[in-house]
Amino acid sequence: MEKKAVLSALTALSQETRLDIFRLLVQAGPEGHSAGAIAEALGVAPATLSFHLSNLTHAGLIVQRRESRSLIYSADYDRMTAVLGFLSENCCGRPANTAARAPVCAPPPEAVNTEDQGEPGHETPARSRRGC
């Protein structure tokens, strides 16, 4: 994913109402919600909602489709995964895994339950990776 696309997505999500809308649509799954259902669930005025939906659509985070007379909005899960992948790429100094759809950033299994085994005040390399 290109840096400009990631910045566009992060800019869109950096506003409270848009973040709430996106999270609601992620929870709704592929079925999504109509604009009216989103407005009701979040207590957002229709004109304000339209502005925020447009911003999220432009950033590629949500998609809209027409069902009868309603516009239905849903999260674009591929774009969401791509943004998360970009953010966690090379986590803990590991090389990027372009074949994986999701980033692998868990510490090595041996590091999870390892107690300090070296001298006091010296972290082992496995301990320093905890939290990745």
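Reckoned from all heavy atoms, side chains included, excluding hydrogens, waters and symmetry mates.
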Enter the distance from [X]:[atom1] to [Y]:[atom2] here, rounded to the nearest 0.5 Å.
{"X": "S8", "Y": "N55", "atom1": "OG", "atom2": "CG", "value": "7.5 Å"}
{"X": "E16", "Y": "I21", "atom1": "CD", "atom2": "CD1", "value": "11.0 Å"}
{"X": "H52", "Y": "T17", "atom1": "NE2", "atom2": "OG1", "value": "4.0 Å"}
{"X": "L49", "Y": "E40", "atom1": "CG", "atom2": "CD", "value": "12.0 Å"}
{"X": "I62", "Y": "L24", "atom1": "CD1", "atom2": "CG", "value": "10.5 Å"}
{"X": "Q64", "Y": "S54", "atom1": "CD", "atom2": "OG", "value": "9.0 Å"}

Please assess L19 against R23 for the test side-chain contact (heavy atoms from CB on, under 4.5 Å), listing each intermediate value before the final yes or no. CA-CA 6 Å; L19 182 60; R23 291 188 73 206; 4.2 Å; yes

Check: [Y] and [X] side chains under 4.5 Å, non-hydrogen atoms:
{"X": "L13", "Y": "V83", "value": "no"}
{"X": "S74", "Y": "V63", "value": "yes"}
{"X": "I38", "Y": "L25", "value": "yes"}

Any donor-acceptor pair under 3.5 Å linking the side chain of [X] with the backbone of [Y]?
{"X": "T81", "Y": "Y77", "result": "yes"}
{"X": "T57", "Y": "L53", "result": "yes"}
{"X": "T11", "Y": "L7", "result": "yes"}

Heavy-atom pair of closest approach, residues [X] and [Y]:
{"X": "E31", "Y": "I72", "value": "O-CG2, 3.3 Å"}
{"X": "M1", "Y": "F86", "value": "O-CD1, 3.5 Å"}
{"X": "A59", "Y": "R79", "value": "O-NH1, 3.5 Å"}
{"X": "F51", "Y": "R18", "value": "CE2-NH1, 3.7 Å"}

